[in-house]
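Here the structure is laid out as structure tokens; the discussion comes afterwards.
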Amino acid sequence: MNSELSAIPDVVDLLRDMVTIDTTNPGGNEAGAAQLLADLFVGHGLDAVVDRFDDEHVNVTASASFGDGGPRIVLNSHLDVVPAVGDWTTPAFEPQIRDGRMFGRGSADAKGSLAPMAIALLRLVHSPDADNLRGTVVYTAVGDEEVGSRGARHLLTDLTGVDGAIIGEPTSLRLLSAHKGSVRPVIELTGKSAHAAAPGKGVNAINAAGPLLAALEAYSAELSERVHPLTGCPTATAVLIAGGEAPNAVPASCRITVDRRLVPGETAESALAEIETLLAKFNADNAPVTAAIAECAPSTGGPSQTPDTDPFVLTCRGALEDIGADSTLSGLIVNCDMTHFRAAGIPTVVIGPGALEVMHVPDESIDLDELRRAVDVYEAILRRALTP
Ligand SMILES: [Zn+2]
């Protein structure tokens, strides 16, 4: 690669430019952010392709090859951001820097990962020892992660031969190799309607929610004993309730939606089977009310994990040790695009700057020292992966 092309921008400047482009999903300008990245890569002699895969969403892919053969490593995160709702101290898409932090929607989730990934790749391309490296780095910034993961799904339809993928999400630069998933059963309680003036003639489905919620709490307490070493325990919590038909009638129905978080090793089917067992006991104890799973509300999908012994996980841990960083493996309590990469059989880890607590809230921000540190982290992983 020609090192006399453009100068590598400062990661803070690149992040500021990216946050300035409003990529709110739905309705935002993902294409603008994708083009910014494509122009950056092309300016440094890399191939870059902006792929508008539906009316609203785009992916941008850039790749750099080093020598012949070697592993194929993917850097991936997302272009879209969640809406900037709530009370912001400063405009969400006019990034401000104060006290060593940049404030703006996407500053952490996940442009805070996309920017240092891009700079790390450019540093590698321009490094004096680039000729000694072997392999290919594919940089991918995808659309629609926050709503339907359409970008990752589309990307993975023709992304083959991948030896390792790094997903950038705010993890405070902790290395994660597992994440939780979820399933959301909607439980329907069925009683019998009657005039509210004669409640004894009916069977009150709303009253039955009381013992059902108590049973769900007891179930959740049982789940807290099943600790997965990386993601913690599974959970079950009631999230929505609706019931009754009229203000003067004994309610014949009540629906409770349960958010059941799954840890690696569990499946939606195994969790639903446990809830069916709980409901069978509930029905025996609470006749004539009956409870059954009516349907499942949408969720992002199941949990996943890359084995601790996977060579790419070991490469990542070794790279973190190379730069004196914490290489302890951890897990993510929420879902992310890793689920789709694992479904495609790709060894995948998640690591990025920024804290989980600032995601999806007003005044999202990132520590700029951590942002700069992220460039070192991504570069160290790529360097170790591509060193023969
Ligand atoms: Zn994210």
Side-chain angles (χ1 to χ4, degrees), residues 11-12 14-16 18-19 23 33 37 60 73-82 95 101-123 137-143 145-146 149 151-152 164-180 230-231 304 306 312-313 315-317 319-320 323 325-342 346-361 364-382 385:
V11 66
V12 175
L14 176 59
L15 179 59
R16 185 193 289 115
M18 291 181 72
V19 172
T23 57
L37 288 166
V60 57
I73 306 298
V74 171
L75 299 172
N76 173 74
S77 193
H78 59 92
L79 294 163
D80 59 320
V81 297
V82 295
R101 303 183 71 86
M102 185 186 297
F103 290 79
R105 174 57 86 222
S107 58
D109 181 22
K111 292 167 181 171
S113 290
L114 285 175
M117 283 177 160
I119 302 301
L121 175 55
L122 295 180
R123 272 205 213 161
V137 179
V138 183
Y139 177 101
T140 60
V142 296
E145 190 267 354
E146 297 287 5
S149 282
I166 306 170
I167 309 279
E169 287 286 345
T171 71
S172 301
L173 289 179
R174 284 178 309 127
L175 183 66
L176 312 188
S177 57
H179 67 88
K180 289 190 186 181
L230 299 183
T231 62
S304 75
T306 306
F312 185 62
V313 171
T315 295
C316 293
R317 296 189 65 184
L320 290 169
I323 59 168
D326 183 4
S327 67
T328 312
L329 284 177
S330 183
L332 191 63
I333 63 165
V334 294
N335 212 326
C336 69
D337 272 342
M338 175 172 168
T339 192
H340 305 294
F341 280 75
R342 286 302 293 143
I346 298 171
T348 307
V349 298
V350 182
I351 185 168
L356 199 60
E357 298 75 54
V358 304
M359 291 168 66
H360 301 197
V361 298
E364 177 178 343
S365 68
I366 192 164
D367 181 278
L368 297 181
D369 287 338
E370 197 181 324
L371 178 71
R372 292 196 177 90
R373 182 78 176 150
V375 182
D376 299 336
V377 164
Y378 294 134
E379 185 184 357
I381 294 174
L382 294 176

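Small disclaimer: the values here were computed from a predicted structure and weren't measured.
The distance from the OG atom of Ser304 to the CG atom of Asp337 is 10.5 Å, given to the nearest 0.5 Å. Of the inter-residue distances, the one linking His78 atom NE2 with Ser113 atom OG reads 8.0 Å to the nearest 0.5 angstrom. Atom CD of Glu364 sits about 5.0 Å away from atom CZ of Arg105, to the nearest 0.5 Å. Distance check: Met18 CE to Thr23 OG1 gives 8.0 Å after rounding to the nearest 0.5 Å. Remark: Leu176 CG to Ile167 CD1 distance equals 11.0 Å, nearest 0.5 Å. Note that CG of Leu382 is 11.0 Å distant from OG1 of Thr315, once rounded to the nearest 0.5 Å.
Judged by distance alone, with hydrogens and angles left aside, the side-chain atoms of Ser149 form no donor-acceptor pair with the main-chain N or O of Ala152 at under 3.5 Å.
With hydrogens and angles left out, the side-chain atoms of Arg342 and Thr348 include no donor and acceptor closer than 3.5 Å.
Side chains of Asn76 and Val142 form a contact here, defined as non-hydrogen atoms less than 4.5 Å apart. Between Leu75 and Thr140 the shortest side-chain heavy-atom distance does not fall below 4.5 Å.
The existence of a salt bridge linking Asp80 and Lys111 is excluded, since no basic side-chain nitrogen approaches an acidic carboxylate oxygen closer than 4.0 Å.
Counting all heavy atoms, side chain and backbone alike, Pro347 lies closest to Thr306 at CA-CG2, 3.9 Å.
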